[in-house]
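Note sheet for the following structure.
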Amino acid sequence: MRHTTVMLPLLAGLALLPAAEPLPVPAGADHPRGYVALKTSVPPKIDGKLDDECWKAAPWSEEFVDIEGDKKPKPAHRTRMKMLWDDKALYIAAELTEPHVWATLTEHDSVIFQDPDFEVFIDPDGDSHDYAELELNAKNTTWDLLLTKPYKDGGRAINGWEIIGLKTGVHIDGTLNDPSDRDTGWTVEIAWPWVGLGELMADKKSAPPKDGDQWRINFSRVEWDFVVKNGKYEKLKKPEHNWVWSPQGVIDMHRPERWGYVQFSEKAAGPVAFVPDPRHPVKMLLHEIYYAQHAHHRKHGKYLPRVADLGVPKSALGTPEMEVSSFGFEAKLKSGKETWVIGADARIRNVGR
Ligand SMILES: *[C@@H]1O[C@H](CO)[C@@H](O)[C@H](O)[C@H]1NC(C)=O
Ligand SMILES: *[C@@H]1O[C@H](CO)[C@@H](O)[C@H](O)[C@H]1NC(C)=O
């Protein structure tokens, strides 16, 4: 999505930003959306048509909303997704209602969000680093990339990275690139094998997931305003619309801490209740400290050694310990039998007792 375009040139120049340029802080700390993926014994045929028997058991997600959340108007067209899994892969289906289906890009790994697209982001172990992004357009052209960490933390997009065994299919209910009629939309089907997802995890061993495991995931749809000229769709030079499953609170998908959760269930039929992540408040508190440290650093060129000086309201969860070094900082918070740590690069994880 746009952040990536803007970012590629901009990131390289991040160090040149004026010191006072604030890092936008996502609004809200509510628990992100959750979806329970049921296990299927028969995988879907990846042809873009969602007529497979197995999809009937999978409920549709909520309709996507604007990336900035409630303060923005409801998207003009409906988008929703569903997920299933088995021992081989995670299966994703999406339905994009669209009266004018168009796409131009045909080359794998082109910057797909220049066309209207559907995007998936996955951070299996939820540490905000080493996450994958997949974008595809209505021509079934794909762009898969690996992010070592979020762009805001100096992360790089590794374009040569390929999703092992990925299968995608697109079905158009209507006509492609024909403005003379109205279309119903397009549907997407994805098989994303566990082989390969394991390498995005610190322990490499948690894929395929076990019953009850939760991974961070998000979905986004990019839509461009257009005019029809000489019988063709022509994109307007205006910012794109970003419609997402779980709102980010900021126009940047690269905030994995705000993504939704997929919870894996061994059951073949629902309903199975989604269990909110009990660690979410601890993670949000550490991120609040992370954003406060960066705001201070951008103004004064240094991190603060005392949490009390950061202006973060006192929390019932406790006061994190702060360690500042010439490389950055670490904020650490004990929570029951776990100790959660966030670093200056937003990597967050449980380091045990
Ligand atoms: C989509 O693209 C993939 C990879 O190029 C191809 O194998 C598949 O047949 C295509 N299918 C559909 C239905 O678009
Ligand atoms: C990702 O998930 C979060 C949490 O639900 C949500 O707020 C955000 O909008 C989602 N972003 C996208 C692009 O889906």
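Here the structure is a predicted model, which is why all the values come from computation and not from measurement. Remember, it's 1-based here, ligands and their atoms both numbered in the order they're listed.
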>> Give the atom numbers and elements of ligand 1 that come within less than 4.0 Å of a heavy atom of Val170.
In response: 12 (C), 13 (C), 14 (O)
> Which ligand 1 atoms are under 4.0 Å away from a heavy-atom of Asp47?
Replying inline: 13 (C)
> Looking at atom 3 (C) of ligand 1, what's its closest protein heavy atom, distance included?
Replying inline: Asn140 ND2, 3.5 Å
>> If hydrophobic clusters are built from ILVMFWY residues whose side chains come within less than 4.5 Å, do Trp60 and Val36 share one?
In response: yes
>> Quick check against the 3.5 Å criterion: does His108 have a side-chain atom that pairs as donor or acceptor with the backbone of Thr142?
In response: yes
> With a 4.0 Å cut-off, strictly under, does atom 7 (O) of ligand 1 pick up any protein heavy atom?
Replying inline: no
> Thinking salt bridges, do Asp115 and Lys235 make one under a 4.0 Å N-O criterion?
Replying inline: no
> Could you give the distance from CD (Glu53) to OG1 (Thr40), rounded to the nearest 0.5 Å?
Replying inline: 9.5 Å
